[in-house]
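Everything numeric here is computed off the predicted structure, so don't read it as measured data. One-based numbering, in listed order, for ligands and for the atoms of each.
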Amino acid sequence: MENNRTLSLSILSGKGGVGKTNIALNLAFGLHQLAQNTLLVDCDLGLANLDVMLGIAPEGSLHDVLNRDVRVEDILFNLGGRGLDLIPAASGVTDLLDFDEDQQDQVVRRLDGILKRYNFLILDIGAGISRTVQAFACMTHHRVVVITPEPTSLTDGYALIKVLSTQKKIQDFHIVVNMVASEKEANLGFERIRAASEKFLGISPNFLGYVHHDKVVSESVRKQKPFFQVGPKSVAARDIMNIAGRLADLRNASKDTIASSVPLRLGG
Ligand SMILES: Nc1ncnc2c1ncn2[C@@H]1O[C@H](COP(=O)(O)OP(=O)(O)OP(=O)(O)O)[C@@H](O)[C@H]1O
Ligand SMILES: [Mg+2]
């Protein structure tokens, strides 16, 4: 089914290792379960992880699309079921690290033809506040910042929001608190980043949800499968479904805005 209403999300974090890739991957499965066709793109250029997390050896990557005459259709990797696909990234390749405007423009143009097949486009981005991260963050409709309750993650998450809001004039951010022991801890983590963002930046991030610390996550990483498949009834999978449900609602609520905009635009 084709549509012109693809909602695009970039999954970001200040601090590394907070769970972006696991959340991006399992959210794609969760959205697909809600009948939302989803394309996941590994945008951690040079340090690709999604192929390893899935135990797959893809034949091509985003790198090939940008550097060789490879059709994007030919490197789409089906994750199981119609309408759930991955575009892998290349690992150990450095020539895309400074993701300049020409390359951004190429990504936008090369993906344009296939995006109408999907309801959601999810970009899994590398950690930090590099120029490449900022460019990807500016390309999508929405930004999801993943934090954990650790003070360093909160500080780095706030730093990312600060850079994007002051330098790129981005106002809307969604927060996911990962690896929490309880809902209370998630609320506390969100509250800290909300209070700082409101006080110092004048913006109010949206609380998209949280994911409990759950051993199924590391178990699934070792098994090279999504935790959504290893433990479909796990606490982490249930948490992901809550987030997926909110995203599906968000897409429904913003259909007109999405229809009148492009899913990927040139970064700032
Ligand atoms: N909810 C969770 N419960 C338990 N462990 C988790 C959870 N989320 C992530 N982890 C652990 O944290 C590790 C890092 O996760 P992941 O690779 O998704 O982070 P990342 O933010 O993508 O890292 P990077 O910044 O390197 O891209 C995983 O290997 C996993 O073991
Ligand atoms: Mg990652």
Side-chain angles (χ1 to χ4, degrees), residues 9-30 40-56 58 61-62 79 86-93 96-97 99 122-130 132-134 136-137 140 143-150 152-161 174-186 189-190 193 208-244:
L9 311 166
S10 41
I11 313 288
L12 306 152
S13 75
K15 189 169 154 54
V18 296
K20 291 178 298 299
T21 302
N22 273 288
I23 287 174
L25 173 64
N26 288 281
L27 251 186
F29 277 82
L40 179 61
V41 185
D42 193 337
C43 297
D44 198 346
L45 307 176
L47 290 172
N49 268 176
L50 274 163
D51 53 338
V52 184
M53 238 171 234
L54 288 159
I56 57 171
S61 69
L62 189 61
L79 293 175
L86 165 73
I87 296 182
S91 227
V93 181
L96 273 182
L97 288 184
F99 187 50
I122 300 180
L123 308 185
D124 177 29
I125 317 283
I129 47 177
S130 67
T132 301
V133 166
Q134 292 183 48
F136 275 126
T140 53
R143 282 138 289 277
V144 177
V145 177
V146 180
I147 59 171
T148 72
E150 288 185 1
T152 43
S153 160
L154 288 164
T155 313
D156 293 358
Y158 171 73
L160 173 69
I161 292 175
H174 300 268
I175 305 292
V176 170
V177 193
N178 188 24
M179 303 194 217
V180 300
S182 63
E183 185 176 5
K184 193 174 163 208
E185 191 179 41
F190 171 71
I193 208 156
L208 193 61
Y210 58 88
V211 182
H212 278 88
H213 191 282
D214 188 338
K215 61 182 183 336
V216 76
V217 182
S218 49
E219 185 192 333
S220 69
V221 173
R222 280 196 298 275
K223 287 187 171 156
Q224 295 184 293
K225 286 202 163 87
F227 63 74
F228 212 81
Q229 285 181 337
V230 172
K233 295 210 164 95
S234 62
V235 173
R238 187 198 62 201
D239 293 338
I240 285 287
M241 277 319 289
N242 285 336
I243 297 172

query: More than 12 heavy atoms of other residues, nucleotides or ligands under 6.0 Å from CD of Gln224: is that the case?
result: yes
- prompt: Would you find a donor on one side and an acceptor on the other, under 3.5 Å apart, between the side chain of Asp214 and the backbone of Ala236?
  reply: yes
task: Report all protein residues having a heavy-atom distance below 4.0 Å to some atom of ligand 1; order the list by chain, then number.
output: Gly16, Gly17, Val18, Gly19, Lys20, Thr21, Asn22, Asp44, Met53, Ala127, Asn178, Met179, Val211, His212, His213, Asp214, Val217, Ser218, Val221
task: State, with a plain yes or no, whether a side-chain heavy atom of Asp124 is found less than 4.5 Å away from one of Lys20.
output: yes
message: I'd like to check Val41 versus Phe136 (side-chain heavy atoms, cut-off strictly below 4.5 Å). Are they in contact?
response: no
- prompt: Would you call Leu154 and Pro149 a side-chain contact if the rule is heavy atoms closer than 4.5 Å?
  reply: no
message: Between Thr21 and Leu50, does the side chain to side chain contact (heavy atoms under 4.5 Å, CB included) criterion hold? Intermediate values first, please.
response: CA-CA 7 Å; Thr21 302; Leu50 274 163; 3.6 Å; yes
message: Strictly under 2.8 Å, how many protein N, O or S atoms lie near the Mg ion (ligand 2)? Waters don't count.
response: 1
message: Any heavy-atom pair between the side chains of His212 and Arg238 that's under 4.5 Å?
response: yes
- request: Scan Leu79, Asn26, Ile240 and name whichever one has a side-chain contact (heavy atoms from CB on, under 4.5 Å) with Pro226.
  value: Asn26
- prompt: Are the side chains of Ile161 and Ile175 in touch, meaning some heavy atoms are under 4.5 Å apart?
  reply: yes
